[in-house]
2 protein chains.
Amino acid sequence: MEVRNVLIVGLGLLGGSLGMALKGKQYRRLGWSRREETRALALKMDAVDEIFATPEEALKEADLTILCLPVPVIPEFLQICRKFCKPGSVITDIGSVKGVIVDAARKALADSGIHFTGSHPMAGTEKSGLENAFATLYHNADGFITPGDSPEADDAVVEFWAAAGVRITRISPEDHDDLVAHTSHVLHIVASALALAILEGKSPEETALRFAGCATGFRDTSRIASSNPAMWREIVENNRMAVLNAMSGFDKWYAHFRELIQNGNFDEFEKVFAEGKRLRDSWTAYKENYKK
Amino acid sequence: MEVRNVLIVGLGLLGGSLGMALKGKQYRRLGWSRREETRALALKMDAVDEIFATPEEALKEADLTILCLPVPVIPEFLQICRKFCKPGSVITDIGSVKGVIVDAARKALADSGIHFTGSHPMAGTEKSGLENAFATLYHNADGFITPGDSPEADDAVVEFWAAAGVRITRISPEDHDDLVAHTSHVLHIVASALALAILEGKSPEETALRFAGCATGFRDTSRIASSNPAMWREIVENNRMAVLNAMSGFDKWYAHFRELIQNGNFDEFEKVFAEGKRLRDSWTAYKENYKK
């Protein structure tokens, strides 16, 4: 499958950085964004080679369209894609959940000859907006695709991500959503609950003391509590059952620690904490090795 | 109060780094450690100016003694201090809990003329041992003292920490233990429960997928799960009630998030998450300002 014109729809932090990452690669980088100022800035920042004023014009040109849009907007936008994308062209996305998006694509694109392969590059920062975009955001990131109805389209999407610096693993939408609920979504809920529990409703004096007392532990553990609330609402709302399931996994261990402390069983506490350390240290070692 | 000879008892990561931080300052740095190899290494690394083979000889020389020992060992060691420290000299410590240590010191040193001021410099890494010590570990750290029976002794301890690079806040042992339970101890339990929930009992294939899928969120949120299990057992065991109390604070918010997800109340979910972000962003801003 020949892919020359890649169209980035939505030029925020993720869409903009993706364009910047592709500079000098084998593609012609097309872009469209709803807001005119964003379109102007994208050209100025050299995040795209060409910008279009309407999605219609842009979609007609695209061999591969990457939807860098909020999850709730995607089903509606797929209707526009169905109207204007070329048969045989490929659509993908960058959404943090895959089940709802792949379902919407299956419905919207049925019998259109347009292929859909879901994508989820694991990249981002706590910031948002094109003004915070940078060319190395995707560099050495891991990512997933959920294969669609065309192996050639899947391969083209994998090749595209490789050009942006992302190493791809193939996975089903269901397994993906379960995985990210465990490895990411539940962490955001925990971090937010910690930030609230530790910082909420304190007097200025208490707060000052807490500031003095906080070492790097709180900074790191709560870092992702500073993520975008609208985005995380969207993610959790679209992955509700898997998130509740992942929360249960955490609950089990947390309740076990509480019980051991309440009963004064600190030999066991130390053993369980050591097992957590062993698992995390192996993970770190494996991850370092895997990156080489 | 004239403090010239400072004695570091216990030359692990924290004791060794403390000695290194004091190089070139106004003190003569004495040291003692139980293991002979550690004593030899401390001299070789220039962590102390002089090393003693027995605590008796060392304690006799000290104007200020800093106990860099595991919490459970401190009560016993304070009995040795009572026998050999000079009346009018000062003892402090670096323990992560203060209530049990201050109580033990009050009992052990009653009517001895030896002063005790509790200390807790907020510094450390996941590593341990003198071989991992470094001179800047305490640089720009915050710390607490719990004032004792002598304001002059307290001032000498504050001055000592200033020389090592630590900015001190005065606090009661009870308030200290409550504070660190909230800002540190509960985080370690949460991080460990997360590491266990996410990594435990997975098949190699699943694990590999999880490795691929994990972005920086898990790395940071679970970082402190790699801390020393024996040390954390010790800390939690010696601060049990405050830790259980701090866990309840976290529980409240975590359960609230779960309820909102279960009920599909995502407007409220977004509001609560945004409040967590607001609190943490204010904390970050305040902290950055405060460091200047």
Side-chain angles (χ1 to χ4, degrees), chain A residues 122 142 169 179-180 182-184 187 189-200 209-215 217-218 220-226 229-230 232-233 236-237 240 243-244 247 249-250 253-254 257-258 261-262 266 269-270 273-277 279-281 283 286-287 290, chain B residues 122 142 169 179-180 182-184 187 189-200 209-215 217-218 220-226 229-230 232-233 236-237 240 243-244 247 249-250 253-254 257-258 261-262 266 269-270 273-277 279-281 283 286-287 290:
Chain A
M122 308 285 285
D142 291 300
T169 303
L179 182 70
V180 291
H182 280 85
T183 56
S184 166
L187 301 181
I189 293 165
V190 165
S192 183
L194 280 171
L196 286 157
I198 290 169
L199 299 173
E200 183 236 2
L209 258 184
R210 275 161 203 271
F211 289 141
C214 283
F218 178 65
D220 288 358
T221 315
S222 69
R223 181 179 62 80
I224 54 179
S226 285
W232 279 95
R233 173 246 178 92
V236 175
E237 190 168 7
R240 210 169 129 189
V243 168
L244 287 170
M247 288 178 84
F250 167 77
W253 286 106
Y254 184 76
F257 273 127
R258 193 210 322 268
I261 298 170
Q262 275 168 340
F266 287 100
F269 177 95
E270 185 175 339
F273 195 97
E275 176 62 9
K277 175 179 167 60
L279 288 167
R280 189 180 181 282
D281 289 349
W283 176 79
Y286 186 105
K287 198 162 168 71
Y290 167 86
Chain B
M122 308 283 286
D142 291 301
T169 303
L179 183 71
V180 292
H182 280 85
T183 57
S184 167
L187 302 181
I189 294 165
V190 165
S192 184
L194 281 172
L196 286 157
I198 290 170
L199 299 173
E200 184 236 0
L209 258 186
R210 275 162 203 269
F211 290 140
C214 283
F218 178 65
D220 288 358
T221 315
S222 70
R223 181 179 62 81
I224 53 180
S226 286
W232 279 95
R233 174 247 178 94
V236 174
E237 189 167 8
R240 210 169 131 188
V243 168
L244 287 170
M247 289 178 83
F250 167 77
W253 287 106
Y254 184 75
F257 273 126
R258 192 212 322 266
I261 298 170
Q262 274 168 340
F266 286 101
F269 178 94
E270 185 175 341
F273 196 96
E275 175 62 8
K277 174 179 168 59
L279 288 166
R280 189 180 181 282
D281 289 349
W283 176 79
Y286 185 105
K287 198 162 168 72
Y290 166 87

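Since the structure is predicted, the reported quantities are computational estimates derived from the model, not experimental observations. Numbers restart at 1 for each chain; the letters A, B, ... are given by sequence-line order, proteins then strands.
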| query | Does the side chain to side chain contact (heavy atoms under 4.5 Å, CB included) test come out yes or no for Glu270(B) and Glu237(A), once each step is laid out? | reply | CA-CA 10 Å; Glu270(B) 185 175 341; Glu237(A) 190 168 7; over 6 Å; no

| request: For the pair Arg280(B) and Leu196(A), evaluate side chain to side chain contact (heavy atoms under 4.5 Å, CB included) and give the outcome as yes or no after the intermediate values. | output: CA-CA 8 Å; Arg280(B) 189 180 181 282; Leu196(A) 286 157; over 6 Å; no

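Here the straight-line distance linking atom OH of Tyr254(A) with atom OG of Ser192(B) works out to 12.0 Å at 0.5 Å rounding. With values rounded to the nearest 0.5 angstrom, Thr183(B) atom OG1 is found 10.0 Å from Leu199(A) atom CG. Distance CG/Leu279(B) to CD1/Ile198(A): 11.0 Å, rounded to 0.5 Å.
For Leu194(B), the parts lying near chain A are the backbone and the side chain together; criterion is any non-hydrogen pair under 4.5 Å. Contacts of Ser184(A) with chain B are absent, with no heavy-atom separation under 4.5 Å from either backbone or side chain. At a 4.5 Å heavy-atom cutoff, Ala191(A) makes no contact with chain B through either its backbone or its side chain.
Under the ring pair (Phe, Tyr, Trp, His ring centres under 6.0 Å) criterion, Phe269(B) pairs with Phe257(B), Phe266(B), not counting sequence neighbours.
Aromatic ring orientation, Trp232(B) versus Phe273(A): parallel (interplanar angle below 30°, classes split at 30° and 60°).
Considering only heavy atoms from C-beta on, Ile189(A) stays 4.5 Å or farther from Arg258(B) through its side chain. Residues Phe250(B) and Val190(A) have side chains in contact (heavy-atom distance under 4.5 Å, counting atoms from C-beta outward). When side chains are defined from C-beta on, Gln262(B) does not count as touching Arg240(A), because their heavy atoms never get closer than 4.5 Å.
Across Ser222(B), Gly249(B), Ala195(B), the residue that shares the most heavy-atom pairs under 4.5 angstrom with chain A is Ser222(B).
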